[in-house]
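Here is the structure we will look at, set down as structure tokens.
Remember, predicted model here, so these are calculated numbers, not experimental data. Just follow the structure's listing: the first ligand is 1, and inside any ligand the first atom is 1.
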Amino acid sequence: MQLTDLNIQAGRQSLLGDTTVTIPGGKITVIVGGSGAGKSVLLRVLAGLIPRDGETLSWQGQIQLGQSKSEPGRVPRVGIVFQQFALFDELSPLANVQFGIDHRSDPGAPVSQDARQWLEELGVPSNRHVAQLSGGQKQRLAIARTLASDPDILLYDEPTSGLDAASGRKVAELIRQTQQRHQRTSVVVTHDYETLLPIADEVLLLDSAEKRLVSIAREDWSQIPDRMKPVATEPITTPDTTIAASSLAGIDRFVTATGSALIAAVRLPFDGLPLFPRPRWGIRFFLHYLRLVGGPSAWAYLILAGLIVGFTTTYFTFRFLPFRLYTQPLLIDELLSSIGFALYRVLVPILATTLIAARCGAAVAADVGVKQYGGQIDALRTLGVRPQVYLLACVVMAFLVATPVLEWLAFTAAQWISLATFVNTHPDIGSHFWEQHFFRHLGDSTWPKGWGWVMLKNLTCGVGTGTIGYYRGASPKHSAGDVSNAITSTVLWTTLFVLVVHFIIALFEF
Ligand SMILES: Nc1ncnc2c1ncn2[C@@H]1O[C@H](COP(=O)(O)OP(=O)(O)OP(=O)(O)O)[C@@H](O)[C@H]1O
């Protein structure tokens with residue numbers, strides 16, 4: 001791997017200036033440096049996770065990754081073992097590794113070993129949930145998943161951090177063994193030089209005073225502790241949120257930062273392509289989001305909402321009718337058909353889509369936000385998967401299916417309670433009269449007149465809610481507070497979006 005004139009900035013602070021260095025292929029290079037020197041940022045630049053013109057982090061220069069070992073013309077795959085592991089928590093250890101295998105750099109190449117063999121090789125129990133694994137086991141699982149995806153270059157970010165000395169040595173040994181067995185170019189960044197220098201073929205020091213990567217000859221390794229100095233940080237400038245309208249990256253950043261449903265909707269067909277590199281993972285993610293958006297807890301919400309609106313409209317319309325004794329016999333059929341019309345075309349759609357926007361939008365923002373904060377979205381990228389393909393496309397499809405179903409549940413409940421209320425308050429008239437008139441303005445009770453308008457509202461609100469939730473969740477997250485802010489702003493934006501959609505559609509509908 002060849003780095004030429006590499007410059008990296010974090011805000012106004014320069015982390016690396018005009019650095020030219022070669023990282024030897026097929027060997028372990030350990031990059032050491034003081035805390036805050038920029039080791040993790042450098043690794044993320046090498047992994048392709050930081051755009052050149054990022055908001056707070058940016059870089060210039062050339063990074064030549066060399067040749068792919070399996071296919072000389074192809075850009076080499078860079079795999080990364082993240083400091084915080086970035087495992088898919090909702091999947092089992094076995095499924096985490098299987099995901100790596102299914103998205104390996106060369107899908108046509110034979111699989112060297114199956115997921116169970118990878119877990120056995122790296123000593124990870126397969127019968128436990130990811131959350132129940134120890135730090136060392138998670139670290140080994142992260143290594144297994146990355147190796148299973150068959151990268152050409154393997155990056156390790158602080159692989160021994162958070163481990164005791166004995167576990168740290170085991171992980172170091174494991175890196176050495178896997179290197180010998182699988183012959184990958186490996187780059188390890190660490191400040192734990194005592195544990196990791198013994199496995200190094202080459203050592204580079206990220207010299208924070210010189211802002212350079214300096215190669216340290218083996219005979220000088222003993223001087224490393226003295227040359228590693230913690231770095232005084234400069235304040236990070238507030239990002240300039242100006243939209244670079246001309247560049248797609250600028251649009252991407254704007255959409256991610258604001259969850260702008262309109263722009264996202266225009267981009268949606270492009271974001272979703274190619275649809276699912278591996279269909280079975282697409283179906284798995286789709287079912288995950290379908291459960292999240294349209295699962296039984298959502299049914300309870302919508303049925304309850306339908307019951308409330310169906311009861312109040314039917315009961316109070318007749319209860320507070322002026323001069324009821326005289327007017328009711330004249331108006332009762334008209335009122336019933338108006339109630340049916342208002343419930344079907346306006347009240348239930350608004351109530352249902354607003355509830356879906358708040359509840360399901362927040363659920364998606366939380367799910368995607370945690371994936372962003374926990375590094376799972378970056379992990380997807382380094383496994384060669386565009387997160388929009390599995391996450392955004394599946395979120396939107398889940399909303400397309402769930403929104404009409406939830407709205408139908410709410411309307412069925414509203415219809416049922418309206419009938420029950422009417423029969424109870426007008427026992428002498430009965431249910432047949434209700435049935436005749438409730439649907440009078442709607443025609444058929446199975447495909448009522450105007451179902452196309454209702455569907456348009458449902459689908460527009462569903463797609464908008466899903467995209468806003470996704471993009472708010474996927475915006476950069478530096479703390480748990482950012483996840484919480486994304487959820488709050490999703491609720492604000494999705495409910496506003498839904499109300500605006502209803503207002504605009506109503507202008508054409510009536
Ligand atoms: N997303 C970001 N936006 C702005 N600045 C950042 C960002 N991430 C890191 N930095 C800054 O870049 C500098 C280097 O951070 P980095 O995490 O790479 O340090 P490190 O060498 O890995 O340190 P440590 O060993 O303590 O983990 C720090 O000053 C940090 O504040």
Side-chain angles (χ1 to χ4, degrees), residues 3 6-17 19 21 29-61 63 80-86 135 139 142 155-163 168 171-172 187-197 200 203-214 216 224-225 227-241 249 252-253 256-257 369 372-375 377-379 381-382 474-483 485-486:
L3 315 183
L6 188 63
N7 290 274
I8 302 179
Q9 292 86 32
R12 277 181 304 174
Q13 182 189 1
S14 167
L15 300 179
L16 210 58
T19 295
V21 74
T29 299
V30 172
I31 299 179
V32 291
S35 184
K39 302 181 295 296
S40 299
V41 172
L42 170 65
L43 214 61
R44 293 169 73 79
V45 168
L46 298 182
L49 293 173
I50 298 179
R52 279 178 182 269
D53 55 348
E55 277 174 17
T56 51
L57 297 172
S58 58
W59 62 277
Q60 300 83 41
I63 300 172
I80 180 165
V81 179
F82 291 89
Q83 189 172 2
Q84 302 302 335
F85 319 127
Q139 182 67 263
L155 310 177
Y156 296 87
D157 191 359
E158 302 279 5
T160 57
S161 76
L163 301 183
V171 167
V187 179
V188 184
V189 304
T190 186
H191 54 243
D192 182 10
Y193 54 87
E194 282 174 346
T195 312
L196 289 159
L197 283 193
V203 173
L204 296 174
L205 172 75
L206 208 172
D207 189 324
S208 48
E210 297 277 320
K211 314 281 182 208
R212 293 264 149 78
L213 276 172
V214 184
I216 308 284
I224 287 173
R227 296 182 66 176
M228 276 173 51
K229 297 189 180 64
V231 184
T233 54
E234 291 162 33
I236 297 166
T237 46
T238 317
D240 176 8
T241 50
D252 230 0
R253 277 205 299 279
T256 306
Q372 176 66 280
Y373 183 45
I377 291 191
D378 280 343
R381 287 200 179 96
T382 59
S475 63
K477 304 276 177 294
H478 306 296
S479 66
D482 287 346
V483 179
N485 288 341

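A pairwise comparison of heavy atoms in Leu15 and Gly38 identifies CD1-CA, 4.0 Å as the closest pair.
Residue contacts with ligand 1, taken as heavy atom pairs separated by less than 4.0 Å, involve Leu57 solely via side-chain atoms from C-beta onward. Of the heavy atoms in Leu42, none comes closer than 4.0 Å to ligand 1.
Close approach of ligand 1 to Ala37 is summarised as follows: ligand atoms under 4.0 Å from at least one heavy atom of the residue are 21 (O). For ligand 1, the atoms closer than 4.0 angstrom to any heavy atom of His191 are 25 (O). Near His478, with a cut-off below 4.0 Å to any heavy atom, the atoms of ligand 1 are 1 (N). If you number the atoms of ligand 1 from 1 as listed, the ones under 4.0 Å from a heavy atom of Glu158 come out as 25 (O). Against a heavy-atom cut-off of under 4.0 Å, Gly34 is close to the following atoms of ligand 1: 21 (O).
Under the 3.5 Å distance criterion, with hydrogens and angles disregarded, a donor-acceptor pair is assigned to the side chains of Lys477 and Ser475. A side-chain donor-acceptor contact under 3.5 Å links Gln9 and Ser58.
Distance check, rounded to the nearest 0.5 Å: CG of Leu3 to CG of Leu16 gives 8.0 Å. In this structure, the separation between CZ on Arg52 and CG on Asn7 is 10.5 Å, given to the nearest 0.5 Å. Interatomic distance, Leu206 CG to Thr19 OG1, rounded to the nearest 0.5 Å: 7.5 Å. In this structure, CG on Leu205 lies 5.5 Å from CZ on Arg227, to the nearest 0.5 angstrom.
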Give the intermediate values and the outcome of salt bridge (charged side-chain N to carboxylate O under 4.0 Å, His left out) for residues Arg44 and Asp378. CA-CA 9 Å; Arg44 293 169 73 79; Asp378 280 343; 2.5 Å; yes

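Which of Ala10, Gly36, Gly54 comes nearest to atom 24 (P) of ligand 1 through a heavy atom is settled by distance: it is Gly36.
The shortest N/O to N/O separation between Leu15 and ligand 1 does not fall below 3.5 Å. The shortest N or O to N or O distance between Thr56 and ligand 1 is under 3.5 Å.
By the 4.0 Å heavy-atom criterion, Gly11 is excluded from the residues contacting ligand 1. Under a 4.0 Å heavy-atom criterion, Gln13 is in contact with ligand 1.
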